[in-house]
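The residues of the chain are indexed from 1 along the displayed sequence. All values below were derived from every heavy atom in this structure, side-chain atoms included, with hydrogens, water molecules and symmetry-related copies excluded.
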Amino acid sequence: MAKQAELDRGTLSFTIESRILRELGERLVKQPEVAVIELIKNAYDADATVCSIDYEPGHSITIADNGGGMTLTRFATSWMRIGTSSKEGVNVSAKFGRLITGEKGIGRFAVRFLGRKLQLESVSFDSQFRRRTKLIADFDWPQFDQHEDLGKVRVPYRLEEAGDDAQSGTTLTISQLREEAERLDLKRVRTGSLSILTPLRSLLREHSEREGSRGGQIDPGFSLKIGRDDADEDEGDVALEILNHFVFRAQLSVRGRKLRLRVYKRGSEEPYFQVEDTIENHVGDVYSDLRWFPRRGGTFRGLSVDGRVAQRWVIENGGVAVFDRSFRVQPYGSPSDDWLQLQADVARRRREPRSPLALKYFPMAAQVKSSTAENWMLRLPQSAQLVGFVQVDARHSQTLSRGRTGLVASADREGFVENEAFNELRRMVRGAVEAMAFCDRRSQQEQEKAKHREMLATIRRETRSAIAEIEANPLITAAQKSRIVNALAETQTLAAQHQQAAYEREQQLEVMSLLGVVAGFMTHEFGSALHELEATHKELLIISKQHPKLAGAAASFATHIKNLREFVTYSSGYIQGAKARPAKPYPAKPRLAQVKRIFGRYAEDRNIEVEIEAEADLEAPMVPPALYNGLALNLYTNALKAVTAKAGRKAGKICFRARNTDRWHILEVLDTGIGIPSALHERVFDPLFTTTTNSDRDPLGSGMGLGLALVRRGAEAFGGKAEVIAAPSDYSTCIQIRLPLSES
C-alpha cells in the first residue's frame, strides 16, 4: 500500500472569540451593585482616598477616583489583558500598603454588565515621558461581538499631556445602560464598602483605628461619595446609640494561630467570658464584632428612641456581614442568607453546639442537653437579632501547607467557595455566637438565684415581724403563741426548701414530658397485644364449655380486655389529636362521658357516684379534642384520689359541670373529697406538688403532682386559665377551667 502524502505540518494557537467578554461581563456578575463595588475595589487598590459615584438613571454611571491612575504601559499590560496576573504576588498597594482586594483581573469587565459603552480617562505620572499624561480610551462592547478573534479587536485611545496640577486618578463613564443597571440600589452600594456610613460604621471605625496603617505612608482612609453623602448622618447617630445598647457583645480576633474571644455584658467594661486558644489557621487574620439584641422585655429599656423603633432598626439591619479586607462580600448577612446556620438550627431546635470552641471551653453536660430549660442552644441568637461584621484579611489563592488553600472568592463574586478555609471561618464565628447564648443562659441563672435569695430574705424579714407582732399581742394565750410561732418558723423553713428544690423539680418535669413518647410506644404495643388477647379469649371460651370451672376466669378475662381496649382507644385518640385544632365545633358531653367511662369501674367499686351536668348540644371550645379530654381526665383522677383518701364509709361524689358564656367555655370538676386548704390553692398547680400518698395497690398510682400543673399549662397555652374556686356547700373542692370559645 502506497504511503499517503503529508499535506501540512506546524503549530496552532488557541483563539478566543470576542463574545468571551460578554460571558465574563454579562454572566459573571449577577447584581448591578456587585458590578459597581468591583470597580470601587479597583479604586481602593489604586490607593485612592476618595471614590465618587454619579448615577443618572437611564443615562449613565460615572465612577471617579483620585488614585494613582494608569500609564499607557500599565493600561496595555493590565487593563487590556484578561485574567492578568499583575496583582498575583503583590499583597499590598504601592503607596499606603493596603491589602489588595482584587486578584483575577476580571472584575473590570463588570462594566459590560452595566452598559454598552465605556469611556476610560486616567491621569498618572508616566516615567517614560517624564510628565503627567492623560489616557482616554473608548469601548463599544457590541462591536466586540462582531469579531471572531478577540485578539484582533482594536480599542481606540489617545494619550495627552496633562498639566502638573492635574489630579491623578481614573474616571469610568458607563453609558447606554443595560436593563439590569436600572435596578441599581445605591444604598446597597453604600453598605458594601467599609469606610462609609453604614449601620456598622462605629464598629468598623473602632477596628480600623485600632489596626492603624499596614506600611508605606500613613493611610488617610478611603471614602465613598454617592450624591449627597450626608443623608444617613442622623441615622448613624441613632445606630450608634442602639449598637451600644447590646445585651451581649462578642469580639473575636485571630492573628496567625492565636485566637482570642471576649464576651461582654451590657454595662460592664470587663469581659463576662473569655477564651484564648491556639488553632491551625487557614483563613488569615480575622476580626469580628457581634452585638446581640434578644427579642424580650427590657432589651431596649433606657434608650432615647422608642423600643419598637429600635427593634425595627435591628431587624432591618440584622445579620452578620462579611468584609474581605475593606469590601463587603455578598450575600453574607443579607436577610435571605444563613451562612452561620442559625435560622436552620433554631427551626430544628438543635440541641448540640457546632463549634469546636463550645465543645472545648463550655461543653454541655448530658442532663443540660436534655433539658429544655437549661439547654442554651435552644436560646441561640437569630440572624435578625444580631448586628455585626466579620473582617478577613484573606489568604486568597495562596497554597498553604499540605496542599490546602485559603479563602477563594467565587467566580461571580457572590461569596466564597465553601472549602475547608471557609468552613473554618464559619466555625470561628459560630463559636462567638454560641458563646453569647451560653453567657446569656448563665446570666439568667445568676439572676434567678439572686431573685430567690432576695425572696428568702423578704420571707425572713416578714416572719420575724409577724412573730414579734404575735408575741406582743396580749389577747393570744402563751400556748397559742407557741403554736403560731412554730408554724411560722416551719413555713419559713419550707419556703427555703421549696426554693432550693425548685430547680430540681423543673428538671424532673422536663424528664416527665418525655413520657409522652413512651406513652405513644406503649399504646402501639398494647394495641398489637389486644389482638392476641382476644384470640386467646375465644379459645378460653371454647375450653370453658368443656370445663365449667373456667367460665369465671373467661368472664374476668373479657372484662380486662374491655378495659384495656377502652384505654388504647382513648390513648390513640389523645396522641393523634394532641396538636390538631378542630375543623368545626364538637359536642362536649360525649367527651366527658368517655372520660367518665375510663375509671368507671374504679369509681363503682369504691361507691363513688359520678355525674355529668351538661346540655346535650353544648359545644366544646375550639381546642384539640385530645386536650379537652386530657384536661378533664386529669381533674377526674385528682378528684377520685381525693374522694378515696377521705376517711369514713359515706358514699363519695364527683360532678362534671360544663356551660358556655358569651366568650368562654367553663368546665368545673367538683368532689366531696378531703378538700384543699385555701393557703394551698395556688401551690397545687406547682409542678410535682402533691398532697396524696403513694400506694402500690391503687390503680391510679402515686401522687406525682404533675396533673394540675399540666392542666394549668394546657389551658394557658390556648388562652385559658385554671384555678381553684369556692365549692358549693355540698362539695369540698371545685377546680374550674375557662377556655375561649373562638381562636381569636
Practice prompt. Could you tell me how the ring of Phe293 sits relative to the ring of Phe300: parallel (under 30°), tilted (30 to 60°) or perpendicular (over 60°)?
Written response: parallel
Discussion item. Donor-acceptor pair, distance only, cut-off 3.5 Å: does the side chain of Ser732 make one with the backbone of Gly673?
Written reply: yes
Discussion item. Side chains of Arg441 and Gln444 only: does a donor on one sit below 3.5 Å from an acceptor on the other?
Written reply: yes
Response to the item:
Heavy-atom nearest pair, Leu340 first then Arg430, reads O-NH1, 2.9 Å
Discussion item. I'd like to check Asp730 versus Thr672 (side-chain heavy atoms, cut-off strictly below 4.5 Å). Are they in contact?
Written reply: no
Item to complete: Could you walk me through whether Phe599 and Leu640 pass side-chain contact (heavy atoms from CB on, under 4.5 Å), step by step?
Response: CA-CA 9 Å; Phe599 287 102; Leu640 285 170; 3.7 Å; yes
Worksheet item: Should we count CZ of Arg301 as having more than 12 external heavy atoms under 6.0 Å?
Response: no
Item to complete: Find out whether Gln341 and Arg354 are in side-chain contact, i.e. whether some heavy atom of one side chain is under 4.5 Å from a heavy atom of the other.
Response: yes
Worksheet, complete the sentence: When every non-hydrogen atom of Val610 is compared with those of Ala603, the smallest separation belongs to CG2-CB, 4.0 Å
Item to complete: Answer yes or no: is there a side-chain heavy-atom contact under 4.5 Å between Phe685 and Val724?
Response: yes
Worksheet entry | Side chains of Phe273 and Arg442 in contact at under 4.5 Å (non-hydrogen atoms) | yes
Worksheet item: So, do Gln385 and Ile315 sit near enough that their side-chain heavy atoms are less than 4.5 Å apart?
Response: no
Worksheet entry | Whether Asp338 side chain and Gln343 backbone form a donor-acceptor pair below 3.5 Å | yes
Fill in: Spatial distance of atom CE (Met436) from atom CZ (Arg379) [nearest 0.5 Å]
15.5 Å
Worksheet item: Is there a donor-acceptor pair under 3.5 Å between the side chain of Arg348 and the backbone N or O of Arg350?
Response: no
Worksheet item: Does the cation-pi check pass for Arg606 over Tyr602, that is, NZ or CZ under 6.0 Å from the six-membered ring centre and within 45° of its axis?
Response: yes
Fill in: Spacing of Lys650 atom NZ and Lys653 atom NZ [to the nearest 0.5 Å]
10.5 Å
Worksheet item: Do Ser443 and Lys265 touch side chain to side chain, with heavy atoms closer than 4.5 Å?
Response: yes
Fill in: For the student: nearest non-hydrogen atoms of Ala435 and Val263, plus distance
CB-CG2, 3.9 Å
Worksheet item: Could you walk me through whether Asn660 and Glu619 pass the side chain to side chain donor-acceptor pair (under 3.5 Å) check?
Response: CA-CA 8 Å; Asn660 287 340; Glu619 290 186 353; 5.8 Å; no
Practice prompt. Let me know which of Lys589, Arg659, Arg657 forms a salt bridge (Lys or Arg N to Asp or Glu O under 4.0 Å) with Glu613.
Written response: Arg657
Practice prompt. Determine the minimum heavy-atom distance between Ala358 and Glu434, stating which atoms define it.
Written response: CB-OE1, 3.3 Å
Worksheet entry | Separation of Leu592 CG from Glu611 CD (nearest 0.5 Å) | 13.0 Å
Practice prompt. Kindly determine whether Leu635 and Ile737 satisfy side-chain contact (heavy atoms from CB on, under 4.5 Å), including the steps that lead there.
Written response: CA-CA 10 Å; Leu635 296 184; Ile737 296 175; 3.5 Å; yes
Fill in: Rounded distance [0.5 Å steps], CD in Gln736 versus CD1 in Ile666
5.0 Å
Discussion item. Determine whether Leu386 and Val433 satisfy the following criterion, side-chain contact (heavy atoms from CB on, under 4.5 Å), listing intermediate values before the conclusion.
Written reply: CA-CA 9 Å; Leu386 289 170; Val433 177; 4.2 Å; yes
Worksheet item: Got a donor-acceptor contact below 3.5 angstrom from the Arg351 side chain to the Lys369 backbone?
Response: yes
Fill in: Residues Ile612, Lys596; criterion side-chain contact (heavy atoms from CB on, under 4.5 Å); working and verdict
CA-CA 9 Å; Ile612 299 176; Lys596 174 185 173 181; 4.1 Å; yes
Worksheet, complete the sentence: To the nearest 0.5 Å, atom CZ of Arg738 lies from atom CZ of Arg663 at 8.5 Å
Discussion item. Can you classify the ring geometry of Phe438 versus Phe362 as parallel (below 30°), tilted (30 to 60°) or perpendicular (above 60°)?
Written reply: parallel
Worksheet entry | Asn375 (side chain) donor-acceptor with Ser371 (main chain) under 3.5 angstrom | no
Worksheet item: Can a cation-pi geometry be assigned to Arg591 and Tyr586, taking NZ or CZ under 6.0 Å from the six-membered ring centre and within 45° of the ring axis?
Response: yes
Worksheet entry | Flag side-chain contact, heavy atom, 4.5 Å: Leu670 against Glu668 | yes
Worksheet item: Considering only heavy atoms from C-beta outward, does the side chain of Leu631 approach that of Val623 to under 4.5 Å?
Response: no
Practice prompt. Taking all non-hydrogen atoms of both residues into account, name the closest pair between Gln311 and Arg295 and its distance.
Written response: OE1-CG, 3.9 Å
Fill in: Sidechain-backbone polar pair: His681 side chain, Glu723 backbone, donor-acceptor under 3.5 Å
no
Response to the item:
Of all heavy-atom pairs linking Thr299 and His245, the shortest is O-CD2, 3.2 Å
Item to complete: To the nearest 0.5 Å, tell me how far Thr644 OG1 sits from Asn607 CG.
Response: 11.0 Å
Practice prompt. Dump the intermediate steps for salt bridge (charged side-chain N to carboxylate O under 4.0 Å, His left out) on Lys449 and Glu454, then the final yes or no.
Written response: CA-CA 9 Å; Lys449 291 178 181 178; Glu454 178 59 31; over 6 Å; no
Worksheet item: So His665 and Tyr628, ring pair (Phe, Tyr, Trp, His ring centres under 6.0 Å) or not? Walk me through it.
Response: CA-CA 11 Å; His665 175 86; Tyr628 190 80; 5.4 Å; yes
Practice prompt. Applying side-chain contact (heavy atoms from CB on, under 4.5 Å) between Asp440 and each of Trp292, Tyr272, Trp376, report the one that passes.
Written response: Trp292
Item to complete: Please answer whether the main-chain N or O of Leu633 pairs with a side-chain N or O of Thr637 as donor and acceptor at a distance below 3.5 Å.
Response: yes
